[in-house]
Amino acid sequence: MMERNEIMAAIEAVLFAEGDSVRRSDLQGVLEVSAGEIDDAVKALKEKYSADNSGIELVELEDSVQLTTKQKFYGALVKLEAAPKKYRLTDTVLETLSIIAYRQPVTKAEIEAIRGVNSDFAVDKLLGYGLIRELGRKDAPGKPILFGTTEQFLRSFGVKSLEDLPSLPEEKKEEFKTEAEEEVDGKVGV
C-alpha cells in the first residue's frame with residue numbers, strides 16, 4: 001500500500017514524463033490505488049505548487065490532470081524559444097552535413113555510399129536542427145528524398161551562399177573522383 005507522499009511523487013513522475021494531461025483513471029490504474037487516494041494526492045500537489053516559489057502548477061482538465069508552467073513565467077519561455085539554438089555537431093553529423101552541402105541535392109543512399117555507413121541518425125539530427133531540408137524526390141526507383149542545406153545552415157556557418165563554402169584542394173578532388181570511379185567499376189562488374 002502506497003502512502004500519500006509516495007502517490008504524490010509517482011503522480012509527479014508520470015505527469016513530468018508524459019508532458020501532457022493524464023486521466024485520473026489511468027493514474028489510478030498505473031499506481032494501483034483508489035480514486036480517493038488519487039484525489040487526495042492531486043489536491044495536495046495543487047496546494048504544493050500554489051506556493052510563490054514554484055514555477056509550475058497542477059491543472060485539472062475535466063477528468064485529467066497536467067503539470068504546466070505558471071502563466072507568469074510564460075515570458076521566460078518565449079525568450080528561451082527565441083534565443084539562438086546551439087547545435088552539437090559530432091564528427092558523424094558534421095561529415096554528413098559536409099556531404100550534403102557539397103553534393104546537394106543528394107539522397108540518403110548517396111550519402112551512405114560516400115560515408116560507407118548508415119546515416120539515418122545524422123540526417124535526422126540535421127533535419128531537427130533545421131540545417132538541412134527535403135528538396136523533393138529523385139526521379140529514380142523508389143523516388144528517394146533529395147536533401148539540401150537551408151538558410152539556417154548558411155547563417156550558422158557565416159556564409160552568404162553555397163559558392164562561399166571553402167573549395168576542396170585539387171588533389172582531394174582527384175582522389176575522390178578516382179575512388180568514385182573505382183566504386184562504380186566495382187558495382188558494374190558484379
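Note: hydrogens, waters and symmetry copies are ignored here, and every other heavy atom, side chains too, is used.
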Quick one: pull up [atom1] in [X] and [atom2] in [Y] and give me the separation to the nearest 0.5 Å.
X: Glu112; Y: Asn118; atom1: CD; atom2: CG; answer: 4.5 Å
X: Ile100; Y: Leu131; atom1: CD1; atom2: CG; answer: 9.5 Å
X: Leu126; Y: Phe121; atom1: CG; atom2: CZ; answer: 9.5 Å
X: Ser98; Y: Ile111; atom1: OG; atom2: CD1; answer: 11.0 Å
X: Leu58; Y: Leu67; atom1: CG; atom2: CG; answer: 5.5 Å
X: Ile99; Y: Gln104; atom1: CD1; atom2: CD; answer: 12.5 Å

Can you check whether [X] reaches [Y] side chain to side chain, under 4.5 Å on heavy atoms?
X: Thr69; Y: Tyr74; value: yes
X: Leu146; Y: Arg137; value: no
X: Tyr102; Y: Pro166; value: yes

Closest heavy-atom pair and its distance - Ser119, Thr96: OG-OG1, 4.4 Å
All salt bridge (Lys or Arg N to Asp or Glu O under 4.0 Å) counterparts of Glu134, not counting sequence neighbours: none
Reference residue Glu60; test salt bridge (charged side-chain N to carboxylate O under 4.0 Å, His left out); the match among Arg23, Lys46, Lys43: Lys46
Donor-acceptor contacts, no H, no angles, side chain residues 2-20, under 3.5 Å, sequence neighbours left out:
{"unit_1": "Glu12", "atom_1": "OE2", "unit_2": "Lys48", "atom_2": "NZ", "d": "2.8"}
{"unit_1": "Glu12", "atom_1": "OE2", "unit_2": "Tyr49", "atom_2": "OH", "d": "2.2"}

Same apolar cluster (I L V M F W Y, side chains within < 4.5 Å links), Val123/Leu135: no
Shared hydrophobic cluster for Val117 and Leu89 (ILVMFWY, side-chain gaps under 4.5 Å): no
Ring pair (Phe, Tyr, Trp, His ring centres under 6.0 Å): pairs with one or both residues in residues 129-160, sequence neighbours excluded: Tyr87-Tyr129, Phe153-Phe157
Exercise: do Ser50 and Glu57 side chains pair donor with acceptor under 3.5 Å: no
Side chains of Glu37 and Ser34, donor plus acceptor under 3.5 Å: yes
Candidate pair Val59 and Val65, rule side-chain contact (heavy atoms from CB on, under 4.5 Å), full reasoning: CA-CA 6 Å; Val59 296; Val65 291; over 6 Å; no
State whether the side chain of [X] and the backbone N or O of [Y] hold a donor-acceptor pair below 3.5 Å, judged by distance alone.
X: Lys108; Y: Asp120; value: no
X: Glu32; Y: Gly29; value: no
X: Arg24; Y: Ser64; value: no

Atom CG of Asp139 with >12 non-hydrogen neighbours under 6.0 angstrom: no
Partner set under side chain to side chain contact (heavy atoms under 4.5 Å, CB included) for Gln28, not counting sequence neighbours: Ala35, Ile38
Residues that Asp164 engages under side chain to side chain contact (heavy atoms under 4.5 Å, CB included), provided they are two or more places apart: Val159, Lys160, Ser161
Residue list, side-chain hydrogen bond (donor to acceptor under 3.5 Å, both in side chains) with Glu95, at least two apart or on another chain: Arg115
Gln66/Leu61 under side-chain contact (heavy atoms from CB on, under 4.5 Å): CA gap, chis, key distance, verdict: CA-CA 8 Å; Gln66 181 176 2; Leu61 310 161; 3.5 Å; yes
